[in-house]
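Here the structure comes first, spelled out in structure tokens, and everything after it is commentary.
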Amino acid sequence: MKFVQTAKDSQSDARCGVISTDHGEIKTPIFMPVGTVGSVKGVYHKSLKEDINAEIILGNTYHLYLRPGLETLKAAGGLHKFESWDRPILTDSGGFQIFSLTPIRKLTPEGCTFASHIDGSRHTFTPENNVDTQRIIGADIMMALDECCPGDADYHYAEKSLLLTESWLGRYVKRFNETKPLYGYSQAMFPIIQGCVYPDLRKRSVEFSLKYDKDGYAIGGLAVGEPTEKMYEMLELVCPLLPYDKPRYLMGVGTPANILEGIARGVDMFDCVMPTRNGRNGMLFTWNGIMNMRNKKWENDFSVLDPEGTSFVDKTYSRAYLRHLFVAKEMFAAMIASEHNLAFYLDLVMQSRTHIQAGDFKEWKDRMVKKVSSRL
RNA sequence: GGGGAGAUACCAAAGUGGCCAACUGGGGCAGACUGUAAAUCUGCUGGCUUAUGCCUUCGUAGGUCCGAAUCCUGCUCUCCCCA
């Protein structure tokens with residue numbers, strides 16, 4: 001994997017670049033649709049490629065490990081073949097699941113023991129077997145196994161959590177360096193910077209992670225309960241400490257405004273369930289604000305979904321029709337909304353790239369943040 | 001014609017003397033959702049007003065009682081069974 005910075009905004013830390021992988025190039029800043037269990041929920045790969053222009057999607061190690069399981073993934077020849085996706089894939093390690101499945105987990109220096117949410121069976125993730133699992137999945141970019149510290153954790157907890165993440169990172173990289181890809185294309189890996197909202201911990205985490213000189217750096221443990229301003233502060237602290245010639249990935253973020261602000265602070269990669277999950281639940285993101293498509297006000301609005309939208313659904317279906325589908329609980333509603341939202345998110349980063357290249361990103365971003373956060 | 005059952009808020013359906021403005025579903029209205037245990041979850045849903053407040057409600061008209069959706073009587077309507 002290679003990253004080249006190709007443009008820089010004049011008034012902010014926003015930048016453009018290109019990530020090269022064996023499954024193709026990714027223009028940054030990029031948004032990566034989340035396909036947890038081997039599917040971006042409700043969206044055809046054909047749509048992802050031709051309509052939404054997704055250049056990379058996510059998979060999740062925790063979920064794929066439990067189902068379909070390593071035997072099937074191995075027999076399939078990896079996740080790309082299994083799900084018929086020939087562009088890049090990034091897999092999260094399951095660190096976030098360790099965090100979100102708190103009631104049924106046990107953290108030890110060795111790793112993390114947890115109960116499957118599917119059948120309650122016990123499993124253990126260690127940095128070592130997590131590398132092995134992500135080798136079998138065959139992601140182009142593998143994420144370190146970390147503990148995602150809650151945003152409201154106290155300093156003591158955050159420090160302890162960071163120590164664990166650091167020790168896991170050392171072992172993870174060791175195993176990574178000792179093993180090889182299984183399917184004939186290369187795999188990159190990103191450490192994950194933690195440290196909650198504490199500047200000195202964040203700084204320490206960056207320094208610790210940089211020692212391994214990996215392919216890119218992820219910033220985790222944000223948008224997990226801390227105030228949004230704290231998240232921005234942490235980005236302002238962390239990004240300048242990261243090498244300019246490696247991509248920076250802000251994990252799990254976020255709202256359109258979060259993404260614009262993240263780009264302004266030097267972030268290159270984003271992922272979030274919001275466009276698909278909120279889409280399934282009736283929310284549409286647009287350049288003019290957020291729409292709750294279940295609302296009565298759309299009942300007789302026969303205008304197109306989004307006149308500024310880039311997806312074919314935007315010009316094809318009316319607001320009244322989509323509202324009807326949501327009210328009637330038709331699965332087609334979720335499909336249309338997911339398609340629209342992902343297309344909007346990809347348009348959001350595409351236009352960001354255009355404005356960074358034009359050098360007027362900051363003032364454009366400031367205008368857009370207000371617009372996209374409003375309610376229609 | 002004879003016998004029986006029932007009428008509760010938008011719908012369905014509990015409640016059979018005070019804890020009932022009335023359980024629960026559905027529907028309706030609104031909200032939440034940030035490295036997906038989510039096609040999920042939450043709130044509200046008689047009126048006024050927002051308070052441990054008042055007013056009007058349980059087919060309809062009366063009655064009993066300190067007190068009725070709940071008991072009694074008349075009326076109206078619906079459903080079932082037998083001829």
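Everything quoted here is computed from the prediction, not taken from an experiment.
The partner of B/U57 cannot be assigned: no Watson-Crick or G-U wobble pair with both contacts below 3.5 Å exists in any strand. Across all strands shown, B/A83 remains unpaired; no Watson-Crick or G-U wobble contact has both distances below 3.5 Å. Judged by Watson-Crick or G-U wobble contacts below 3.5 Å, the nucleotide B/G25 has B/C11 as its partner. Within the shown strands, nothing qualifies as a pairing partner of B/U70 under the Watson-Crick or G-U definition with both distances less than 3.5 Å. Remark: B/C41 base-pairs with B/G31. Criterion, Watson-Crick or G-U wobble with two distances under 3.5 Å.
Between A/Gln97 and B/A37 there is a side-chain polar atom (N or O) within less than 4.0 angstrom of OP1 or OP2. At B/A32, none of the side-chain N or O atoms of A/Arg294 fall inside 4.0 Å of OP1 or OP2 (strictly under the cut-off). For B/G27, the OP1/OP2 oxygens have no side-chain nitrogen or oxygen of A/Lys296 closer than 4.0 Å. OP1 or OP2 of B/U34 has at least one side-chain nitrogen or oxygen of A/Arg277 nearer than 4.0 Å. One finds a side-chain N or O of A/Asn295 lying less than 4.0 angstrom from the OP1 or OP2 phosphate oxygen of B/A30. In this model, the phosphate group of B/A37 is approached by a side-chain N or O of A/Ser100 to a distance below 4.0 Å at OP1 or OP2. Remark: A/Asn292 is not in phosphate contact with B/C33, judged by side-chain N or O atoms under 4.0 Å from OP1 or OP2. Considering only side-chain N and O atoms, A/Asn60 lies nowhere under 4.0 angstrom from the phosphate OP1 or OP2 of B/G35.
Closest to the side chain of A/Asn281, from the set B/U36, B/U40, B/G35, is B/U40. Listed nucleotides: B/U34, B/A32, B/U36. Nearest to the side chain of A/Asn258: B/U34.
Nearest-nucleotide positions on RNA chain B for A/Arg323 and A/Ile192 put A/Arg323 closer to the 5' end.
Note on ring orientation: taking the six-membered ring where Trp is involved, the planes of A/Tyr62 and A/Phe125 are perpendicular (angle over 60°, cut-offs 30° and 60°). The aromatic rings of A/Phe285 and A/Tyr345 sit perpendicular to each other, their planes meeting at more than 60°, with 30° as the lower class boundary.
Nucleotide B/G35 holds its C1' atom 19 Å from the CE atom of A/Met234, rounded to whole Å.
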- Does the side chain to side chain contact (heavy atoms under 4.5 Å, CB included) test come out yes or no for A/Trp287 and A/Asp347, once each step is laid out? CA-CA 10 Å; A/Trp287 286 107; A/Asp347 191 34; 2.9 Å; yes

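Glycosidic conformation at B/A39 (O4'-C1'-N9-C4 for purines, O4'-C1'-N1-C2 for pyrimidines): anti, more than 90° from 0.
A donor-acceptor contact closer than 3.5 angstrom links the side chains of A/Ser121 and A/His123. Donor-acceptor pairing under 3.5 Å is lacking for the side chains of A/Ser93 and A/Asn130.
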